[in-house]
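Structure record follows, encoded as structure tokens.
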Amino acid sequence: MEMKNKIDYLRLSITDRCNLNCLYCTPLKKDQFLTHDEVLRYEEMVKIVEAFVTMGVRYVRITGGEPLIKKNITDLVSMIRDIKGLREIALTTNGIGLKDKARQLKEAGLDRINISINTLKEERYIDIAGRDYFKEVWAGIHSALKSGLDPIKLNVVVMKGINDDEILDFVRLTFRYPLNIRFIELFPTTERSEGLTYHMMKNTEIKEKILDQFGEMRRSFDINGNGPAEYYRLKDSMGLIGFINSSSDNFCNECNRVRIDCAGRISPCLFSGHIYDLRNALRNGKNDELSLSIKDIFEMKSEYNKNAINNRKVEMSSIGG
């Protein structure tokens with residue numbers, strides 16, 4: 001079936017909980033978390049993914065909250081891996097639980113991983129992330145490097161006066177390890193993150209700093225991924241430098257993703273809110289209703305892409321970005 005807008009990428013949030021409380025996020029300030037019964041079981045999540053794959057989705061990213069706090073997550077990865085027609089499974093994590101799970105995730109069928117880390121200074125980590133887990137995250141990065149996951153991307157939100165003095169240190173990692181460093185512009189979506197607006201730093205400024213220090217960056221298209229990042233390679237580097245212009249650029253028209261939270265609620269756009277709740281259809285065995293809802297989402301996606309406006313608050317730790 002041909003859709004107006006090709007959608008081949010599903011972001012699946014498997015929990016609304018997180019073990020960090022980062023400056024630009026508010027997981028510990030929520031009024032309440034979902035109950036055990038409200039959260040989909042793994043089997044239900046897999047059934048939804050199967051339905052999306054039938055409709056043309058080929059790439060799934062597992063997100064949260066923090067997905068690695070879920071028990072037996074390797075079982076979920078293995079179940080999704082068995083879905084025919086699916087090309088790739090990725091995961092986004094803060095890296096805290098990765099040290100002991102990286103190899104297991106790879107063996108279960110995970111293809112690649114994104115790790116969020118906004119500082120390389122142990123003493124600064126707690127100020128940004130709200131918890132003292134720097135050593136665990138760094139150990140997780142090294143475990144991922146040894147596991148065979150490829151590529152491994154480090155997501156870095158750069159904030160003036162907070163961590164912008166570490167830009168070049170992050171770049172230097174690409175000469176030591178086959179890591180892809182992605183600089184992400186701060187994108188306020190909550191009242192808490194809006195309070196950081198004066199710390200926003202555009203990627204054009206970051207590029208200038210890198211060029212001044214390291215010289216020419218050559219555009220690279222040899223990278224697995226389905227997001228809006230632009231990648232560049234420095235001479236003699238092992239990894240790449242990526243830029244996601246969350247605030248200074250509008251790539252809504254190119255968006256190929258749909259999001260579903262851990263309660264089975266679908267959002268065709270980050271700012272659309274929940275349009276369909278699939279949990280009841282799943283639990284009542286209404287497969288036709290499930291398929292029709294997904295079809296409707298696919299049909300309306302292009303209109304959301306055209307009219308997307310950042311006019312509502314979004315708790316990223318629930319919807320997975």
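At least one side-chain heavy atom of Arg257 sits under 4.5 Å from a side-chain heavy atom of Arg259. For the pair Leu40/Arg279, a side-chain contact is recorded, criterion being any heavy-atom separation below 4.5 Å from C-beta on. Within the 4.5 Å cutoff, no side-chain heavy atoms of Pro178 are placed close to those of Ile152. The shortest side-chain heavy-atom distance between Met217 and Lys207 falls under the 4.5 Å cut-off. Using a 4.5 Å heavy-atom cutoff, the side chains of Ile62 and Val77 are in contact. Contact check for Ile73 versus Pro67: side-chain heavy atoms found under the 4.5 Å cut-off. Taking 4.5 Å as the limit, every side-chain heavy atom of Ile141 sits out of range of all side-chain heavy atoms of Leu98. Using a 4.5 Å heavy-atom cutoff, the side chains of Tyr24 and Met159 are in contact.
With Asp164 contributing its side chain and Met201 its backbone, the two residues share no donor-acceptor pair below 3.5 Å. With Asn155 contributing its side chain and Ile117 its backbone, the two residues share no donor-acceptor pair below 3.5 Å. Proximity of a side-chain donor or acceptor of Gln213 to a complementary backbone N or O of Ile210 within less than 3.5 Å is not detected. Looking at Lys101, its side chain does come within 3.5 Å of a backbone N or O of Leu68 through a donor-acceptor pair.
Of the charged side-chain nitrogens involved, at least one lies within less than 4.0 Å of a carboxylate oxygen, so that Lys121 and Asp165 count as a salt-bridged pair. Here Glu88 pairs with Arg112 in a salt bridge; the nearest charged N to carboxylate O distance falls below 4.0 Å. With salt bridges taken as basic N to acidic carboxylate O contacts below 4.0 Å, one links Glu216 and Arg218.
For the residue pair Asp8/Asn256, the side-chain donor-acceptor check at 3.5 Å is satisfied. Judged by distance alone, the side chains of Thr15 and Glu66 never bring a donor and an acceptor atom under 3.5 Å apart. Side-chain N/O atoms of Ser143 and Arg103 include no donor and acceptor closer than 3.5 Å. Arg61 and Tyr59 share no donor-acceptor pair across their side chains, judged by distance under 3.5 Å alone.
Between the CG atom in Asn72 and the CE atom in Met79 there is a gap of 10.5 Å [rounded to 0.5 Å]. Once rounded to the nearest 0.5 Å, the distance linking CG of Asn118 with CG of Leu23 reads 8.5 Å. Residue Leu240 holds its CG atom at 10.0 Å from CD1 of Ile181, rounded to the nearest 0.5 Å. A distance of 9.5 Å separates CD1 of Ile96 from CD1 of Ile69, quoted to the nearest 0.5 Å. One distance of note links CG of Asp100 with CD of Glu136; it measures 10.5 Å at 0.5 Å rounding. Between the CG atom of Leu290 and the CD1 atom of Ile294 there is a distance of 4.5 Å, given to the nearest 0.5 Å.
Note: Phe134 and Trp138 have parallel aromatic rings, judged against thresholds of 30 and 60 degrees for the angle between ring planes.
The salt bridge (charged side-chain N to carboxylate O under 4.0 Å, His left out) contacts involving residues 46-59 comprise nothing, where partners must be two or more places apart or lie in separate chains. Applying the side chain to side chain donor-acceptor pair (under 3.5 Å) test to pairs two or more places apart or on separate chains, those with a residue in residues 73-82 are Arg81-Asp111.
Residues satisfying the side chain to side chain donor-acceptor pair (under 3.5 Å) criterion with Arg172, sequence neighbours excluded, are Asp169. Under the side chain to side chain donor-acceptor pair (under 3.5 Å) criterion, Asn114 pairs with no residue, sequence neighbours left out. Residues satisfying the ring-ring contact (aromatic ring centres under 6.0 Å, His included) test with Tyr42, not counting sequence neighbours, are none. Evaluation of the side-chain contact (heavy atoms from CB on, under 4.5 Å) rule for Arg219 yields Phe221, Glu230, Tyr232 as partners, not counting sequence neighbours.
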### Query
Is there a side-chain contact (heavy atoms from CB on, under 4.5 Å) between Asp277 and Ile266 once you walk through the steps?
CA-CA 6 Å; Asp277 188 340; Ile266 298 179; over 6 Å; no

### Task
List the steps, then state whether side chain to side chain donor-acceptor pair (under 3.5 Å) holds for Tyr231 with Arg182.
CA-CA 8 Å; Tyr231 290 95; Arg182 310 200 312 169; 3.1 Å; yes

### Query
Please walk me through it: do Glu205 and Lys160 pass salt bridge (charged side-chain N to carboxylate O under 4.0 Å, His left out)?
CA-CA 11 Å; Glu205 300 175 70; Lys160 284 185 179 179; 3.2 Å; yes

### Message
Between Arg283 and Glu44, does the salt bridge (charged side-chain N to carboxylate O under 4.0 Å, His left out) criterion hold? Intermediate values first, please.
### Response
CA-CA 8 Å; Arg283 293 183 175 175; Glu44 293 170 328; 2.8 Å; yes

### Query
Passes side-chain contact (heavy atoms from CB on, under 4.5 Å), Phe243 versus Glu185? Steps please.
CA-CA 8 Å; Phe243 300 93; Glu185 291 178 344; over 6 Å; no

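Within 6.0 Å of CG in Asn284 there are more than 12 heavy atoms belonging to other residues, nucleotides or ligands. Annotation for Lys99: atom NZ does not count as buried by contact number, only 12 or fewer foreign heavy atoms lying within 6.0 Å.
Just one residue in the list Leu12, Ile115, Ile113 forms a side chain to side chain contact (heavy atoms under 4.5 Å, CB included) with Leu91, and that residue is Ile113.
Figure legend: cation-pi geometry between Lys235 and Phe214 absent, as NZ or CZ is not positioned both under 6.0 Å from the six-membered ring centre and within 45° of its axis.
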